[in-house]
Peer 1: 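Here it is, the structure in full.
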Amino acid sequence: MSKTSTIFIIDDDPMMQNMLKDHLSAMSNFTIHTFATGEEALASGQLVPDIVFLDYNLDSKIANAMDGIDVLREIKAKYPTTEVVMLSGQDKIEVAVDTMKYGAFDYIVKGESAFYRAEKTVFNLFKLAQLKRNAGMYKVLTITFGVAFLIMIIVVVILISKGMISDHVGWF
Amino acid sequence: MEKVTNLDFIQKFSKGDMSRVKKYVMMYIQSADEEMPVIEKSFHDKDYKKLKTASHTLKSIAAYMGMERAQQLLKKIEDSASNESVTEEMAHDITQLKEMITLSKDELKAFIAQN
């Protein structure tokens with residue numbers, strides 16, 4: 001995740017959309033897109049979000065709209081690396097468990113503290129992305145050193161077999 | 001009379017940016033204008049799903065305007081609508097809520113006019 005990470009906010013409540021967008025915009029220069037339905041977000045073409053804030057009760061205002069869980073499943077299938085943070089007005093453990101089961105990274109209960117939780121979650125996701133990048137880098141380094149060591153062993157064996165080096169001390 | 005709204009949170013959240021405070025206040029007024037008639041109509045029509053949805057939506061936005069009593073009433077209405085246990089008491093709650101919403105809009109419009 002770079003500094004120009006793309007964030008989607010999918011919520012049918014315009015006030016929540018606006019407040020969360022304003023709050024996250026103040027954090028960094030993210031590219032933030034807001035959608036009232038999951039269908040709109042999924043149809044947004046080439047845009048691949050790094051983080052999605054997704055309302056759990058998406059089908060409450062717009063009849064026949066996909067609900068939050070359906071959208072979560074579609075997003076994870078379409079963009080496996082995208083992290084989804086669920087938003088809900090319900091502080092119910094079963095709702096939270098349900099969302100985690102389908103791959104949500106976190107679950108935030110709407111209210112005054114939701115914006116600060118969202119900020120913290122974005123920060124944690126950046127840290128996680130950094131750790132993943134570092135782990136990848138160490139993996140490449142380990143493989144590189146392993147291959148280099150193997151090549152060195154092969155060269156030494158070849159040189160020994162050709163008598164170009166020996167374990168004799170001195171000059172021949 | 002005691003005020004029904006409290007903009008402490010929204011002002012702190014907006015970090016003193018009055019244009020942001022006004023934007024959120026206007027959004028609240030607009031949503032209240034949309035949701036309150038839905039609450040009344042769905043209660044009258046016994047449309048529990050609509051009643052639950054509208055009270056849930058209004059509860060969320062009323063919270064940002066510091067309307068604790070309205071939030072409690074809306075929670076009660078939402079829970080009753082979820083259980084489809086709509087009683088006569090709810091008619092009283094809705095009347096009380098409507099008065100509160102009207103008062104809140106008056107207070108907030110006055111706030112906008114002053115700032």
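Letters A, B, ... mirror the listed sequences (proteins, then strands); counts begin at 1.
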Peer 1: Quick check on B/K50 against chain A: is it the side chain, the backbone, both or neither that has a heavy atom closer than 4.5 Å?
Peer 2: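 No part of B/K50 comes within 4.5 Å of chain A.
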Peer 1: Are more than 12 heavy atoms, taken from residues, nucleotides or ligands other than A/M100, located less than 6.0 Å from that residue's CE atom?
Peer 2: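 For A/M100, atom CE is crowded (more than 12 foreign heavy atoms under 6.0 Å).
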Peer 1: Taking the inter-plane angle between the rings of B/F13 and A/Y116 on a 0 to 90° scale, is it parallel (under 30°), tilted (30 to 60°) or perpendicular (over 60°)?
Peer 2: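 It falls in the perpendicular class, over 60°.
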Peer 1: A/M86 and A/F123: same hydrophobic cluster, using ILVMFWY side-chain contacts below 4.5 Å?
Peer 2: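 No, A/M86 does not connect to A/F123 through the hydrophobic network.
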Peer 1: Got more than 12 heavy atoms from elsewhere within 6.0 Å of CD, B/Q96?
Peer 2: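 Yes - once you tally the heavy atoms of other residues, nucleotides and ligands closer than 6.0 Å, there are more than 12.
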Peer 1: Is there a chain of hydrophobic side chains (I, L, V, M, F, W, Y, each step under 4.5 Å between heavy atoms) that links B/V38 to B/M100?
Peer 2: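 No, because B/V38 and B/M100 fall into different hydrophobic clusters, even though each may have its own neighbours under 4.5 Å.
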Peer 1: Give, for atom CE of A/M15 and atom NZ of B/K23, the distance between the pair rounded to the nearest 0.5 Å.
Peer 2: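 Answer for the CE-NZ pair, A/M15 versus B/K23, is 10.0 Å.
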Peer 1: Checking A/M16 against chain B: side chain, backbone, both or neither under 4.5 Å from a heavy atom?
Peer 2: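 Side chain only.
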Peer 1: Taking NZ in B/K52 as the centre, count heavy atoms belonging to other residues, nucleotides or ligands within less than 6.0 Å. Is the count above 12?
Peer 2: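 Counting neighbours around NZ of B/K52, 12 or fewer heavy atoms of other residues, nucleotides or ligands fall under 6.0 Å, so no.
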Peer 1: Does A/L141 belong to the same Ile/Leu/Val/Met/Phe/Trp/Tyr cluster as A/M152, with side-chain heavy atoms less than 4.5 Å apart forming each link?
Peer 2: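 No, separate clusters.
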Peer 1: Taking side chain as everything from C-beta outward and backbone as N, CA, C, O, which of these in B/Y24 sits under 4.5 Å from a heavy atom of chain A? Side chain, backbone, both or neither.
Peer 2: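 Backbone plus side chain of B/Y24, per the 4.5 Å heavy-atom cut-off to chain A.
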Peer 1: Give me the atom names and distance for the closest heavy-atom approach of B/R20 to A/H23.
Peer 2: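 That would be NH2-N, 4.4 Å.
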Peer 1: Assess whether side chain to side chain contact (heavy atoms under 4.5 Å, CB included) is satisfied between A/E112 and B/K12, documenting all intermediate values.
Peer 2: CA-CA 11 Å; A/E112 290 185 4; B/K12 196 176 156 201; over 6 Å; no
Peer 1: Give a yes or no on whether A/F149 and A/V157 share a hydrophobic cluster (residues Ile, Leu, Val, Met, Phe, Trp, Tyr; joining criterion: side-chain heavy atoms under 4.5 Å apart).
Peer 2: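 Yes, A/F149 connects to A/V157 through the hydrophobic network.
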Peer 1: To the nearest 0.5 angstrom, please state how far the CE atom of B/M27 sits from the CD atom of A/Q17.
Peer 2: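 Those atoms lie 7.5 Å apart.
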Peer 1: Mind checking the OG1-CG spacing from B/T57 to A/D12? Nearest 0.5 Å is all I need.
Peer 2: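 So the gap between those two atoms works out to 6.5 Å.
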